[in-house]
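Quick notes on the structure that follows.
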Amino acid sequence: MQLAGFNAPLTIGFVIDAIDGSFNGAVWLLVSFGVVCFIAFMTLKLDKENFMTEHPQTIPAVK
């Protein structure tokens, strides 16, 4: 995360300079990064059966 925090402003600045001061390229860059993150998140698999065996329900001590 620190690397992304360092590189993101530099990359956005380079994109803005490359497109003669227009922020359109920077906005599209951020949108494309968001789409890539969304796709990566949607491909994660959550194994619910494994999760339930590793984290059993806690039983309250007092009723």
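Model, not experiment: these values are computed from the prediction. By convention here, the first residue in the shown sequence is residue 1.
- Under the side chain to side chain contact (heavy atoms under 4.5 Å, CB included) criterion, Leu30 pairs with Ile12, sequence neighbours left out.
- Closest approach of Ala4 to Pro9, counting heavy atoms only: O-CD, 4.4 Å.
- Side-chain contact between Thr11 and Leu29 is present, with heavy atoms from C-beta onward closer than 4.5 Å.
- Applying the under-4.5 Å side-chain rule to Ile, Leu, Val, Met, Phe, Trp and Tyr, the cluster around Leu10 extends to Phe6, Phe14.
- Listed here is the closest heavy atom pair of Val15 and Ala26: CG1-N, 3.6 Å.
- Under a hydrophobic-cluster definition in which Ile, Leu, Val, Met, Phe, Trp and Tyr are linked whenever side-chain heavy atoms come within less than 4.5 Å, directly or via other members, Leu44 and Ile39 are assigned to different clusters.
- With rounding to the nearest 0.5 angstrom, the CD1 atom of Ile16 is 10.0 Å from the CG atom of Asn24.
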